[in-house]
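Have a look at the structure below, then the notes.
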Amino acid sequence: MADYQFQDIERKWQHFWENERTFRVPKDTDTSKSKYYVLDMFPYPSGVGLHVGHPLGYIATDIVARYKRMKGFNVLHPMGFDAFGLPAEQFAVEHGVHPRVTTENNIENMLRQLKSLGLSYDWDRKLATTDVDYYKWTQWIFLQLFNSWYDRETNRARPIAELQEKLEEEDDGWASMSAADRESVLSQYRLAFLTEVPVNWCPALGTVLANEEVTNDGRSERGNHPVFQRPLKQWMLRITEYGDRLIADLDGVDWPEPVKLMQRNWVGRSEGANVQFQVDGEDASIQVFTTRPDTLFGATYMVLAPEHPLVDMLTTPEQREAVTRYCEEAEAKTDLDRGADSRVKTGVFTGAFVINPVNDSRLPIWVADYVLMGYGTGAIMAVPAQDDRDWAFAEVYDLPIIRTVQPPEGFDGKAYTGEGPAINSGFLDGLGVAEAKTAMIQWLQEHGHGEGTVTYKLRDWLFSRQRYWGEPFPILHREDGSVRAVDEADLPVALPPMTDFKPTASDDPDAAPQPPLARADESWLKVEIDGVRYQRELNTMPQWAGSCWYYLRFIDNQNDSCFVDPKREAYWMGEKGVDLYIGGVEHAVLHLLYARFWHKVLFDLGHVSTKEPFGRLFNQGYIQAYAYRDARGIAVEATEVVDQDGRPAMEVQDQPGRQFFYQGAAVTQEYGKMGKSLKNAVSPDEIIASYGCDTLRLYEMYIGPLEASKPWNTRDIVGVHRFLRRVWRNFVDAETDELLLSDEEPSDDQQRLLHRTTERVSADMERLSFNTAIAALIECLAEWVSLERIPRALAEPFVLLLAPLAPHMAEELWQRMGHNASLAYTAWPEAQAQWLVDEAITLAVQVNGKVRGTFSVPADAEKDAIIAAAREVENVARHLESATVHREIYVPGRLVNIVAK
RNA sequence: GCGGAAGUGGCGAAAUUGGUAUACGCGCUGGAUUUAGGUUCCAGUGCCGAAAGGCGUGAGAGUUCGAGUCUCUCCUUCCGCACCA
């Protein structure tokens with residue numbers, strides 16, 4: 001009965017770790033040791049729980065955490081829950097339960113699932129963004145933003161009080177201003193400010209959304225509802241001030257290049273110039289932004305966005321009807337329609353002209369929807385010769401085209417956007433693009449027609465939502481409409497108890513946002529301080545707020561006097577912040593951009609010690625699975641699909657020539673991300689029940705590289721399960737339950753195998769290549785299966801190498817080997833150099849680059865002897881007959897190549 | 001359209017710097033043990049060929065003594081952005 005009893009073993013060690021608090025890191029830990037902070041992107045506690053795709057990253061970080069502990073690091077490995085947000089609120093509305101109740105239930109279930117995976121989190125540091133003790137500090141950070149401004153001279157955020165002092169000193173009427181006027185001046189500087197701007201309004205969700213939460217076809221990322229642009233007074237965060245640093249500081253972090261690229265593109269920094277064009281015959285000018293000031297001589301017309309404020313004033317009576325109709329049509333189009341047929345250019349002439357400042361030519365002003373009001377100045381100078389879109393437009397409306405950059409010989413395209421000398425450009429002629437840009441910017445500045453500037457795609461972050469289940473703003477409104485912050489001492493502003501927290505949804509785009517908090521009790525809504533009456537801010541923060549700083553709170557989650565103790569922060573964040581942050585690529589822009597922004601503000605204000613929060617980022621792939629749809633295209637339960645021979649699809653889905661059926665009807669096979677919608681989710685609970693969680697951990701790491709998306713295939717699990725059984729059988733006698741070790745000295749060959757395996761596994765741990773680490777252990781064990789008893793000197797290091805991957809079995813074997821303590825902090829085996837060199841090496845011999853044989857030589861053989869031996873290899877000698885050897889190449893330890901003709 | 005990542009056996013995948021392509025696992029084939037079963041054990045398994053040998057990393061060129069790896073052109077798939085001036 002002493003077979004591999006994984007249920008008993010796993011239950012035993014999970015209890016042991018919990019009872020002994022094996023992975024607890026004391027608040028005041030030994031800071032003389034090196035630290036390693038390894039973090040997961042914390043989950044949203046959803047009602048359906050985890051499927052096997054979710055833990056992929058958690059297993060990986062757990063392996064790293066366990067490995068680093070054994071390497072002697074102080075390891076911080078915490079977990080928490082990102083629990084504010086729409087789904088909990090929607091579920092609560094549907095079931096009439098308070099979101100706090102559903103959130104807590106979901107957390108409970110997810111905790112159980114996480115613990116059943118044997119993850120070595122320090123659960124004493126668990127947190128949820130919905131904890132009042134947590135969001136108190138989220139509100140506190142908001143106050144830091146509210147009470148700061150961005151000083152462009154020193155390029156950092158500073159306390160708003162310092163701006164007040166500065167304004168007092170400069171005294172441009174500051175002293176004579178009313179308090180309300182002063183506040184409105186300051187609000188133009190605060191990093192968190194209330195303003196009326198066009199925002200993304202989603203009536204179906206009853207809330208406004210950030211740009212990052214709207215898909216590029218103009219719908220809400222959550223729920224896929226239509227989103228409308230509407231001017232509304234909302235809270236914004238001045239993230240645009242950080243555009244440069246959000247790009248520049250990417251150079252200092254170890255992140256996947258695609259993620260850095262996505263962030264750079266999202267910020268969208270463009271260097272160029274603003275140019276003023278005088279309107280012909282009017283006392284008005286139009287400013288355009290261009291990245292190609294060098295092409296100003298080639299400008300042949302100007303285009304305004306339909307929403308541009310000057311359109312109405314400029315349009316001549318003859319053109320008015322056409323322009324008005326065009327603008328109305330453009331307004332009715334969604335962004336989707338405007339972008340859909342982007343190759344077809346439309347527009348209408350306003351009848352007005354501007355003067356090109358460089359050559360006084362008259363340029364017609366057009367209105368066209370290919371120019372967007374939301375970027376640059378909403379107006380462009382059109383240079384068809386050097387811009388594809390302008391060329392296309394000029395072709396449609398027969399506008400002139402003047403080349404100002406000489407295309408290379410043989411160029412047969414239309415617009416030329418590449419390098420070349422300037423032509424037809426007066427004082428720029430002959431200059432390259434870069435010099436011409438510089439020269440033109442200088443000319444514009446000297447003559448007062450413009451200046452060099454930088455434009456960003458990034459917009460300020462719309463930060464308020466009309467929801468109940470979020471952090472309340474620590475803000476009070478006076479009756480005159482001005483605002484003030486809640487005193488720090490009065491934090492937290494707790495969510496008021498409410499029974500009707502339903503958002504006011506509507507399908508009318510003109511409906512007004514109605515924050516649920518407006519229905520809170522008067523006792524919460526109305527506040528009186530020093531005889532002044534206030535009403536609380538009714539909006540709540542977006543879901544991203546809590547995840548912007550949770551990695552800091554993990555460092556010191558119990559602290560109730562500050563958001564994180566500075567000494568502890570300095571130790572755990574160290575030089576480069578979080579040492580390893582693993583999560584899905586879906587957060588490449590949103591969460592990671594927002595968190596970096598908050599971190600930089602905290603850095604500027606002296607609250608954290610690193611420029612960047614996450615020194616190293618790693619994106620794990622997705623677990624995918626086969627899925628099946630019936631004739632109507634509806635997904636059917638993948639587990640109930642069979643092939644033409646009646647075999648379950650799960651067993652034969654990767655074999656060619658299969659047809660699949662669900663309840664007798666033919667279905668089509670596809671392949672996609674595991675989840676509820678494709679009905680192909682596999683629960684970790686059932687895999688753990690039949691194979692154990694050590695097997696599940698091993699399997700998820702073994703199917704492929706961590707960063708790759710890869711298919712789940714329940715059939716393949718037996719492979720790693722067999723490996724674990726083989727380990728067990730080789731160490732424990734099935735009859736007697738006795739440990740099968742010998743005290744013999746290992747042979748030299750055995751030593752070499754052990755140390756080579758140690759070397760491979762260690763290197764693979766460092767580069768997160770767990771699939772090859774497991775392969776190395778399988779190969780190593782395969783050499784020992786014939787041994788009655790494995791020498792203890794081999795068995796112990798082997799168990800330690802296995803420990804991060806399959807910790808329950810490793811702990812059990814370690815204990816049976818006579819060790820009283822957990823192996824969690826036992827030193828990782830070191831590969832010794834003496835055992836990494838072989839006595840004899842096998843080399844390949846090539847003739848003219850083709851392998852013709854192999855031979856063995858002593859490891860210390862000389863080059864000449866090796867080449868001589870190579871030429872004697874039977875097959876090689878045959879190929880060299882009647883040929884003259886021209887060259888002999890010896891690659892040490894690898895091969896000999898003989899070049900002969 | 002622009003940008004990025006990736007294409008290796010029937011399947012998942014290996015192959016630090018250019019140096020013996022297909023490690024390891026699944027599946028498959030054969031055998032062993034067992035009353036039986038397999039979540040047991042052993043052996044074989046890229047393709048063509050009886051063999052010798054030849055051919056093989058999406059396609060085609062190139063550089064090199066030597067290319068899965070480097071360069072160029074093209075094809076396919078996935079991801080991101082989408083008139084960003």
Side-chain angles (χ1 to χ4, degrees), chain A residues 3-4 216-217 256-259 261-262 265-266 268-270 272 288-292 295 303 335 338-345 368-372 374-383 386-390 392-393 455-457 585-586 588-589 651-657 690-691 695 698-699 702-705 707-713 715-726 729 734 763 767 769 771-779 782 785 842-854 886-900:
Chain A
D3 207 7
Y4 170 36
N216 51 29
D217 54 355
E257 271 316 310
V259 175
L261 195 67
M262 277 191 255
N265 289 342
W266 190 265
R269 183 181 195 278
S270 290
V288 306
F289 172 73
T290 177
T291 55
R292 295 294 302 274
T295 63
V303 186
D335 285 354
R338 264 171 86 155
D341 40 21
S342 58
R343 260 152 295 279
V344 184
K345 295 282 179 288
D369 65 3
Y370 83 91
V371 172
L372 308 174
Y375 182 75
T377 62
I380 62 157
M381 60 179 217
V383 187
Q386 273 86 227
D387 184 281
D388 294 315
R389 295 151 301 174
D390 296 346
F393 190 83
T455 291
Y456 301 89
K457 278 198 272 182
V585 73
E586 68 270 19
V589 179
E651 290 175 16
V652 295
Q653 53 206 2
D654 53 4
Q655 292 174 9
S690 19
Y691 296 98
T695 296
L698 236 50
Y699 175 67
Y702 190 64
I703 34 179
E707 68 274 18
S709 286
K710 51 230 155 189
W712 177 268
N713 203 333
R715 184 192 67 201
D716 290 357
I717 295 174
V718 292
V720 284
H721 188 67
R722 280 177 195 151
F723 164 64
L724 287 180
R725 299 185 80 96
R726 211 151 55 227
R729 220 178 25 249
R767 61 191 183 116
S769 178
N771 52 337
T772 50
I774 295 164
L777 290 171
I778 293 173
E779 284 179 63
V785 285
T842 303
L843 298 174
V845 202
Q846 296 179 334
V847 179
N848 296 327
K850 286 201 161 58
V851 178
R852 297 298 176 185
T854 59
H886 291 279
R887 216 174 138 185
E888 290 155 329
I889 295 150
Y890 170 55
V891 183
R894 296 281 185 178
L895 53 69
V896 174
N897 188 12
I898 300 167
V899 184

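In this text the structure is predicted, and so the values were computed from the model without any measurement. We name chains A, B, ... by the order of the sequence lines, and we start the count at 1 in each one.
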5'-most contact on RNA chain B (nearest-nucleotide basis), A/Ile774 vs A/Gly853, goes to A/Gly853
For RNA chain B, whose closest nucleotide is more 5', that of A/Thr842 or that of A/Trp266?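 Closer to the 5' end of RNA chain B: A/Thr842.
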Would you say A/Val585 and A/Pro258 make side-chain contact, with heavy atoms under 4.5 Å? no
Side-chain contact test, heavy atoms from C-beta onward, threshold under 4.5 Å: evaluate it for A/Tyr890 versus A/Leu843 and give yes or no. yes
Rounded to the nearest Å, what distance is computed from the [atom1] atom of residue [X] to the [atom2] atom of nucleotide [N]?
{"X": "A/Met262", "N": "B/G4", "atom1": "CE", "atom2": "P", "answer": "13 Å"}
{"X": "A/Asn713", "N": "B/C11", "atom1": "CG", "atom2": "P", "answer": "12 Å"}
{"X": "A/Asn897", "N": "B/C65", "atom1": "CG", "atom2": "P", "answer": "10 Å"}
{"X": "A/Arg887", "N": "B/C65", "atom1": "CZ", "atom2": "C1'", "answer": "5 Å"}
{"X": "A/Lys850", "N": "B/U20", "atom1": "NZ", "atom2": "C1'", "answer": "14 Å"}

Categorize A/Val851 for me: base, sugar-phosphate, or nothing, with a 4.0 angstrom heavy-atom threshold over every strand shown. sugar-phosphate
What nucleic acid atoms does A/Arg269 come within less than 4.0 Å of, heavy atoms only: base, sugar-phosphate, or nothing? nothing
My understanding is that only residues two or more places apart in sequence, or in another chain, count here; which of them pass side chain to side chain contact (heavy atoms under 4.5 Å, CB included) with [X]?
{"X": "A/Arg722", "value": "A/Val718, A/Arg726"}
{"X": "A/Asp716", "value": "A/Tyr699, A/Asn713"}
{"X": "A/Ser270", "value": "A/Phe289, A/Thr291, A/Tyr375"}

Is the glycosidic torsion of B/G4 within 90° of 0, making it syn, or is it anti?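 You should classify B/G4 as anti.
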Listed nucleotide nearest any side-chain atom of [X], set [options]:
{"X": "A/Leu261", "options": "B/A85, B/G4, B/G19", "result": "B/G4"}
{"X": "A/Glu779", "options": "B/A85, B/U20, B/C24", "result": "B/C24"}
{"X": "A/Leu372", "options": "B/G10, B/C83, B/C65", "result": "B/C83"}

One should read off an interatomic distance between A/Gln386 CD and A/Thr295 OG1, to the nearest 0.5 angstrom, of 6.0 Å
What distance do A/Ile778 atom CD1 and A/Leu724 atom CG have between them, rounded to the nearest 0.5 Å? 9.0 Å
Which heavy-atom pair separates A/Val851 from A/Ala844 by the least distance, and what is that distance? CG1-CB, 4.5 Å
Mind listing the closest non-hydrogen atom pair of A/Pro705 and A/Asn771 along with its distance? N-ND2, 3.7 Å
For atom P, what is the distance between B/U8 and B/A85, given to the nearest Å? 37 Å
For B/U57 versus B/C47, give the span between their C1' atoms, rounded off to a whole number of Å. 13 Å
Ignoring hydrogens and angles, tell me if any N or O in the side chain of A/Asn897 forms a donor-acceptor pair with the backbone of A/Ile889 under 3.5 Å.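 No, the answer is negative, given that no donor and acceptor are paired below the 3.5 Å cut-off.
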Would you say the side-chain atoms of A/Asn265 pair up with the backbone N or O of A/Gly268, donor to acceptor, closer than 3.5 Å?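 No: the side chain of A/Asn265 does not pair with the backbone of A/Gly268.
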Test: A/Lys345 cationic atom under 6.0 Å from A/Phe393 six-membered ring centre, within 45° of axis: no
Pull out every stem in RNA chain B, meaning runs of 3 or more consecutive Watson-Crick or G-U wobble pairs with both distances under 3.5 Å. B:1-7 with B:75-81, B:10-12 with B:24-26, B:27-32 with B:40-45, B:46-48 with B:53-55, B:58-62 with B:70-74
Going 5' to 3' through nucleotides 12-18 of chain B and flagging B where a protein heavy-atom sits under 4.0 Å of the base, S where only the sugar-phosphate is that close, and - otherwise, we get BSSS-B-
I need a per-nucleotide contact map over nucleotides 28-44 of chain B, read 5' to 3'. Cutoff is protein heavy atoms under 4.0 Å; write B for the base, S for backbone only, - otherwise. -----------BSSS--
Give a yes/no on whether any side-chain N or O of A/Ser270 is located under 4.0 angstrom from OP1 or OP2 of B/A85. yes
